[in-house]
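What follows is a single structure, written as structure tokens, with notes after it.
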Amino acid sequence: MPGYDGVIERLGEIRSPDISEILEALIEEDNALDAAVATLALLENDRAANVLGYLPSGSQLSLVGALDDTQVLKLLEEMGSDERADLFNLLDEDRRETLLRRMAHKKREELKRLASYEEGYAGAIMTSDYVAIDSGMTVSQALMRVRQTAPDAETVYQLYVLAKDGELIGTMSLRMLMVARPGAVVDDIMIRDVIHSRVDELQEEVARIVARYDLIALPVTDGDNRMVGIVTHDDAMDVAQFEATEDIHKGMSIGQLEDGISRVPLWTLYRKRVMWLVLLVFANLFSGAGIAYFEDTIAAKVALVFFLPLLIGSGGNAGAQAATLMVRGMATGDVGVKDWGKMLGRELLVAGSLGLTMALAVAPIGVMRGGNAVAFVVATSMITIVLFGSLLGMCLPFVLERFKLDPATASAPLVTTLIDASGVVIYFSIATAVLSGVSV
């Protein structure tokens, strides 16, 4: 077994994200929390704070709950301002007050400000650790400022020029600063058209801006254009991943999960899934009612039943595909409500072609199972149902967006349930109209 020095040396060789996985596994094991605390204690404070930042919120709370206030304060001081605020918000109110009383005034006020921003907005994901340059500085003075503030900054590759009142008036890269003449004034070389976000901007919009313009960091300002923080590229990508996961869950009629699926309690998984499933059970009764209404047609040509699952399944699949494409297009900003007419025309052509192709594929089976009349009914129904399902799946996200609802709610289960009921009516209506004059 390695000794104390050997363990510390081994930990020094392991990357922080990997150490956090080890700690998470220990925290989830019964009676292993003390081992996780002991492992964290072997790390230097800055390394321990970095490792803590990679842990999911539930594991962070468990680990911090086993530490005393002095240990927690040391970790908070070493964490980035955004991660510090996130961890602070996880604590109960009594402990927050205790920790605040022991902090230096400047850090206490900064923490309270960052922790006050509502989740889901730019303020909640930004950090105040950035490099700011005063308007009127020379290049040499600005380089000195960079050297002074770089150790505590989240990133030094993008610099921000501020007026005396803190207003954001320009930006420049570190490269621009380094190649400029030492005596040049930063106001003469900075970029004045600054891409920035408001503190109350939705976090998914912030992530979209960062991805669209390929930014290292996005400056965040308040209502008076005073700079209050930056959202770094890695935090924006975390938001993008979170939003994509949320849309996928909604797309399958699952409520938002607060943690990973392996860590969510069973009751939570049940509760997040049951409501829509129960509602869709009752919605499926319309399919049964449609079948009951056309009992005479079914009795006259039993072969029709063979094709029912195939037809409504095809319509549901086509509708789910169309809905998924539209929801994702809206999420990435590629498609908006204004594009509805254009997308409708495109979907008509694509869905019509899909329906025709699938009709040609299934028509020979119809001939073998029930003759030419049944083959015609099945082929016509396939085209109609696929076309209807695709248009419904495409239009539903636009309708929800128009009424200020989340387009992701136009989920695959919802679309397929609606198409199931509609497909039954379409299929047997066509069958009744075609076969009524055909002897069976």
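For the single chain, residues carry numbers from 1 onward in sequence order.
The main-chain N or O of I14 is never found under 3.5 Å from a side-chain atom of D18 such that the two would form a donor-acceptor pair. Using a distance-only test at 3.5 Å, with no hydrogens or angles considered, no donor-acceptor pair links the side chain of S59 to the main chain of L55. In terms of modelled atom types and a separation under 3.5 Å, the side chain of N89 and the main chain of D86 share no donor-acceptor contact. Using a distance-only test at 3.5 Å, with no hydrogens or angles considered, no donor-acceptor pair links the side chain of S390 to the main chain of L387. Of the possible donor and acceptor atoms, one in the side chain of S20 sits under 3.5 Å from a partner among the backbone N and O of P17.
Sorted by first and then second residue, the side-chain hydrogen bond (donor to acceptor under 3.5 Å, both in side chains) pairs involving residues 134-146 (not counting sequence neighbours) are D134-R145, S135-D187, T138-S140, T138-Q141. Each salt bridge (charged side-chain N to carboxylate O under 4.0 Å, His left out) pair with one or both residues in residues 194-218, not counting sequence neighbours, appears once here: E205-R208.
Put simply, the side chain of I22 does not reach to within 4.5 Å of the side chain of T39, judged on heavy atoms. In this structure, I426 and F388 have side chains that are in contact, with non-hydrogen atoms separated by less than 4.5 Å. Between Y427 and I385, some side-chain heavy-atom pair lies under the 4.5 Å cut-off. Two residues are said to be in side-chain contact when any heavy atoms from C-beta on lie closer than 4.5 Å; Y117 and M126 meet this criterion. At a threshold of 4.5 Å between non-hydrogen side-chain atoms, the residues V139 and I189 count as touching. The shortest side-chain heavy-atom distance between L174 and M178 falls under the 4.5 Å cut-off. Side-chain atoms of D69 and R102, non-hydrogen and from C-beta on, do get closer than 4.5 Å to each other. In this structure the side chain of L73 reaches within 4.5 angstrom of the side chain of M103, judged on heavy atoms.
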Can you check side chain to side chain contact (heavy atoms under 4.5 Å, CB included) on L114 and S128, steps first, answer last?
-> CA-CA 8 Å; L114 289 176; S128 57; 3.9 Å; yes
Check step by step if side chain to side chain contact (heavy atoms under 4.5 Å, CB included) holds for L90 and L87.
-> CA-CA 5 Å; L90 294 176; L87 177 57; 4.2 Å; yes
Apply side chain to side chain contact (heavy atoms under 4.5 Å, CB included) to H196 and N225, showing your working.
-> CA-CA 10 Å; H196 67 283; N225 202 40; 3.7 Å; yes
Side chain to side chain contact (heavy atoms under 4.5 Å, CB included) between I191 and M172, intermediate numbers included = CA-CA 6 Å; I191 298 171; M172 65 176 61; 5.8 Å; no
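Shown here for M326 and P397, the closest heavy-atom pair between the two residues is CB-CG, 3.9 Å. Nearest heavy-atom pair across V186 and G136 is CG2-N, 4.3 Å. A pairwise comparison of heavy atoms in T416 and G316 identifies CG2-O, 3.5 Å as the closest pair. Closest approach of N50 and S16 over heavy atoms only: OD1-OG, 2.8 Å. For G355 against I383, the heavy-atom pair with the smallest separation is O-CG1, 3.6 Å. For the residue pair A351 and V386, the shortest heavy atom distance occurs at O-CG1, 3.9 Å.
Checked by atom type, the side-chain pair R192/T171 shows no donor-acceptor distance below 3.5 Å. One side chain, T232 or D235, offers a donor N or O that lies under 3.5 Å from an acceptor on the other. With 3.5 Å as the limit, one finds a donor-acceptor pair spanning the side chains of S81 and T127.
The CD atom of E97 sits 6.0 Å away from atom CD of E93, with the distance rounded to the nearest 0.5 Å. Considering CG of L111 and NZ of K106, their distance stands at 14.0 Å, rounded to 0.5 Å. One distance of note links CG of L63 with CG of L33; it measures 6.5 Å at 0.5 Å rounding. Once rounded to the nearest 0.5 Å, the distance linking CG of D238 with CD of E243 reads 11.5 Å. Once rounded to the nearest 0.5 Å, the distance linking CG of L311 with OG1 of T380 reads 10.5 Å. Between the CD1 atom in I312 and the CD1 atom in I419 there is a gap of 10.5 Å [rounded to 0.5 Å].
Taking a 6.0 Å sphere around CZ of R108, one finds it holds more than 12 heavy atoms contributed by other residues, nucleotides or ligands. The number of heavy-atom neighbours closer than 6.0 Å to CZ of R271, taken from other residues, nucleotides and ligands shown, is above 12. Atom NZ of K107 has more than 12 neighbouring heavy atoms from other residues, nucleotides or ligands inside a 6.0 Å radius. Around the CE atom of M144, the shell of radius 6.0 Å holds no more than 12 heavy atoms that belong to other residues, nucleotides or ligands. For CG of L266, the number of neighbouring non-hydrogen atoms (other residues, nucleotides, ligands) closer than 6.0 Å is 12 at most.
A salt bridge is absent between E77 and R84; no separation between the charged side-chain nitrogens and carboxylate oxygens falls under 4.0 Å. Ion pairing of R10 with E13 is present here, as a side-chain N (NZ or NE/NH1/NH2) and a carboxylate O approach within less than 4.0 Å.
With L99 as the fixed residue, the side-chain contact (heavy atoms from CB on, under 4.5 Å) test singles out one of R101, R95, R96: R95.
Listed by chain and number, the residues in a side-chain hydrogen bond (donor to acceptor under 3.5 Å, both in side chains) with Q60 amount to none (sequence neighbours excluded). Partners of E109 by side-chain hydrogen bond (donor to acceptor under 3.5 Å, both in side chains), not counting sequence neighbours: none found. Listed by chain and number, the residues in a salt bridge (Lys or Arg N to Asp or Glu O under 4.0 Å) with E119 amount to none (sequence neighbours excluded). Applying the salt bridge (Lys or Arg N to Asp or Glu O under 4.0 Å) rule to D224 yields the partners R226; only residues at least two apart in sequence or on another chain are considered.
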